[in-house]
Amino acid sequence: RISENLEKARALAQGHPSCSLLPVEGGWSLVVRVPALRSEEALTLELLERERVLVHPGYFFDFPHEAFIVVSLIVLPDQFADGFGRALRFAATNS
């Protein structure tokens with residue numbers, strides 16, 4: 001499931017060049033650099049409220065600067081593809 005979701009994330013990210021996936025070295029999380037159009041906290045709250053997509057802000061993981069989101073790769077593949085696609089679209093276009 002993790003491998004399938006990672007491959008889907010890579011495919012979806014190609015359609016959003018302003019968002020980039022950081023290299024995955026293991027585990028079940030994926031770090032995504034997103035445009036710094038708003039704070040990570042605002043982005044994650046807006047994603048939850050408007051899109052019903054739950055992600056973690058990068059500052060939970062002590063990144064030295066914004067803007068990153070962290071997503072789980074253990075979600076069911078259909079749910080992951082839908083939620084990750086919506087997260088990318090929202091992060092790339094909404095300010």
Side-chain angles (χ1 to χ4, degrees):
R1 185 181 339 170
I2 291 169
S3 296
E4 182 180 346
N5 286 341
L6 180 57
E7 288 307 310
K8 187 62 175 181
R10 288 176 175 148
L12 288 167
Q14 289 180 0
H16 301 279
S18 63
C19 300
S20 58
L21 311 182
L22 272 62
V24 175
E25 297 179 6
W28 55 81
S29 295
L30 174 63
V31 179
V32 184
R33 185 171 192 160
V34 296
L37 302 174
R38 66 184 79 60
S39 72
E40 292 171 343
E41 182 174 2
L43 173 59
T44 57
L45 290 173
E46 289 173 15
L47 272 169
L48 184 58
E49 292 170 358
R50 296 184 190 179
E51 297 291 330
R52 298 293 190 229
V53 174
L54 179 63
V55 300
H56 298 292
Y59 69 79
F60 278 12
F61 300 87
D62 295 325
F63 285 99
H65 56 82
E66 295 198 6
F68 298 93
I69 59 172
V70 181
V71 300
S72 172
L73 292 170
I74 59 173
V75 179
L76 293 173
D78 290 343
Q79 293 173 351
F80 177 82
D82 176 57
F84 189 66
R86 286 187 288 137
L88 287 175
R89 278 190 304 278
F90 190 87
T93 61
N94 290 290
S95 55

Are Phe80 and Ile2 joined in one hydrophobic group, where the rule is that I, L, V, M, F, W and Y side chains link up if heavy atoms are under 4.5 Å apart?
yes
Minimum heavy-atom distance Ala9-Leu30, with the two atoms named
CB-CD2, 3.6 Å
How many angstroms lie between atom CG of Leu73 and atom CD of Glu4, to the nearest 0.5 angstrom?
11.0 Å
Main chain of Gly58, side chain of Glu40: is a donor-acceptor contact present, judged purely on distance under 3.5 Å?
yes
Worked verdict on Phe84 versus Lys8 for side chain to side chain contact (heavy atoms under 4.5 Å, CB included)
CA-CA 9 Å; Phe84 189 66; Lys8 187 62 175 181; over 6 Å; no
Please determine whether residues Val55 and Phe63 belong to a single hydrophobic cluster, defined as Ile, Leu, Val, Met, Phe, Trp and Tyr linked transitively by side-chain heavy-atom distances below 4.5 Å.
no
Arg10/Glu7 ion pair, N-O < 4.0 Å
yes
Side-chain (Arg33) to main-chain (Ser20) donor-acceptor, under 3.5 angstrom
no
Start with the C-alpha gap between Phe90 and Val53, add the side-chain angles, then the distance that decides, and say whether side chain to side chain contact (heavy atoms under 4.5 Å, CB included) holds.
CA-CA 10 Å; Phe90 190 87; Val53 174; over 6 Å; no
Hey, what's the ring geometry for His56 with Phe61, parallel, tilted or perpendicular (30° and 60° as the breaks)?
perpendicular
Minimum heavy-atom separation for Val34 to Ala91, with atom names?
CG1-CB, 3.8 Å
ILVMFWY cluster, Val31 and Phe60 together (side-chain gap under 4.5 Å)
yes
Gap separating the CG atom of Leu43 from the CG atom of Leu48, nearest 0.5 angstrom
11.0 Å
Please identify which of these residues, Val75, Val71, Ile74, meets the side chain to side chain contact (heavy atoms under 4.5 Å, CB included) condition with Trp28.
Ile74
Note: Pro57 and Thr44 closest approach over all heavy atoms is N-CG2, 3.6 Å
Atom CG in Leu21, atom CG in Leu12: separation rounded to 0.5 Å?
9.5 Å
Which value, rounded to the nearest 0.5 Å, describes the distance between Glu66 atom CD and Leu37 atom CG?
11.5 Å
Distance-minimising heavy-atom pair for Ala92 and Pro35
CA-CG, 4.2 Å
Quick one: do Val24 and Val70 end up in the same hydrophobic cluster if we chain Ile, Leu, Val, Met, Phe, Trp and Tyr together by side-chain heavy atoms under 4.5 Å apart?
no
Contact between Tyr59 and Glu41 at the side-chain level, heavy atoms closer than 4.5 Å - yes or no?
yes
Taken to the nearest 0.5 Å, the spacing of Ser39 OG from Glu46 CD works out to 8.0 Å
Interatomic distance, Ile69 atom CD1 to Ser29 atom OG [nearest 0.5 angstrom]
12.0 Å
If you compare all heavy atoms of Arg52 against all heavy atoms of Glu49, which two are closest, and at what distance to 0.1 Å?
NH1-O, 3.4 Å
